[in-house]
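Accompanying notes for the structure given below.
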Amino acid sequence: MKDEVFLKVPARQPMMLVVRMAMAGFFAQCGADVDTLEDVRTACDEACYCLMHQRRSAETISLLAGFDGEYASVIFEAERGEAAQEYAAHDPEIARGILSMLANDVRIDHDSDGPRRIELRLCPTIPAGGGNER
């Protein structure tokens, strides 16, 4: 049986605390150490920031996290509205670079308005600084 968590929040900066805390709790249950939990919180911030700062305004951010006993995966997805943003979009390649330092695998799916889905896969039981590789 695969343990899973689903969460959907309004795409507002104050709600990202809810995302970070939920993922830290989930990864703690998967056996992650304190350093890895900090990496998870940083990855949540970066993924959500990337999805929220694109050409069209995100209305909600949803995430699905699962653990198969060895690897955890987290899928972040933005549901966008019609409104255009007034500021420059976040470069998804910067997000990919940051996320690649925190997870084994990073996948960013794009559409014509930019990134809409980010998938991370990592092993929560390998201590941070250990390369997080298997």
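It should be emphasised that the depicted structure is a prediction, and the values quoted were computed from it without experimental measurement.
- Rounding to the nearest 0.5 angstrom, the gap separating the CG atom in Asp91 from the NE2 atom in His53 is 14.0 Å.
- Taking the side-chain contact (heavy atoms from CB on, under 4.5 Å) definition, one finds that Arg12 meets it with Pro10, Pro14, Met15, sequence neighbours left out.
- Scanning for side-chain contact (heavy atoms from CB on, under 4.5 Å) contacts around Glu38 gives Arg41, Thr42, with sequence neighbours left out.
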Name the atoms and distances for all side-chain donor-acceptor pairs under 3.5 Å in residues 94-102, with sequence neighbours left out.
residue: Arg96; atom: NE; partner: Glu93; partner atom: OE1; Å: 3.2
residue: Ser100; atom: OG; partner: Arg96; partner atom: O; Å: 2.7

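- Of the candidates Arg107, Arg116, Lys8, Arg116 is the only one forming a salt bridge (charged side-chain N to carboxylate O under 4.0 Å, His left out) with Glu77.
- Tracing side-chain contacts under 4.5 Å through hydrophobic residues (I, L, V, M, F, W, Y), one never reaches Leu63 starting from Ile75; they form parts of separate clusters.
- Sorted by first then second residue, the salt bridge (Lys or Arg N to Asp or Glu O under 4.0 Å) pairs that include residues 42-53, not counting sequence neighbours, are Arg20-Asp45.
- When all heavy atoms of Leu37 and Ala28 are compared, the closest pair comes out as CD2-N, 3.6 Å.
- Annotation for Ala11 and Ala58: closest pair CB-O, 3.4 Å, computed over non-hydrogen atoms.
- Linking ILVMFWY side-chain heavy atoms closer than 4.5 Å, directly or via other members, places Leu122 and Val5 in a single hydrophobic cluster.
- The backbone N or O of Leu120 sits nowhere less than 3.5 Å from a side-chain atom of Asp105 that would complete a donor-acceptor pair.
- Side-chain heavy atoms closer than 4.5 Å link hydrophobic residues (I, L, V, M, F, W, Y) into clusters, and following such links, possibly through other members, connects Leu7 to Phe67.
- The side-chain heavy atoms of Arg117 and Ile108, taken from C-beta on, include no pair separated by under 4.5 Å.
- Using a 4.0 Å cut-off between a side-chain N of Lys or Arg and a carboxylate O of Asp or Glu, Arg121 and Glu119 do not qualify as a salt bridge.
- Under the rule for a side-chain contact (heavy atoms from CB on, under 4.5 Å), the partners of Arg56 that lie at least two apart in sequence or sit in another chain are Arg80, Glu82, Asp113.
- Pairs engaging residues 5-32 under the ring-ring contact (aromatic ring centres under 6.0 Å, His included) rule: none recorded [sequence neighbours left out].
- Summarising the geometry, atom OG belonging to Ser112 is positioned 6.5 Å from atom CZ belonging to Arg55; distances are rounded to the nearest 0.5 Å.
- The side-chain contact (heavy atoms from CB on, under 4.5 Å) test with Glu79 is passed by exactly one of Ile61, Leu51, Thr60: Thr60.
- Note on Tyr49: it does not cluster hydrophobically with Val19, by side-chain heavy-atom contacts below 4.5 Å among ILVMFWY residues.
- Using a 4.5 Å heavy-atom threshold, the side chains of Cys44 and Phe76 count as touching.
- If you chain together hydrophobic residues whose side chains sit under 4.5 Å apart, Val40 and Val18 fall into the same group.
- Checking Thr36 against Asp39 by side-chain atom types alone, no donor-acceptor pair falls below 3.5 Å.
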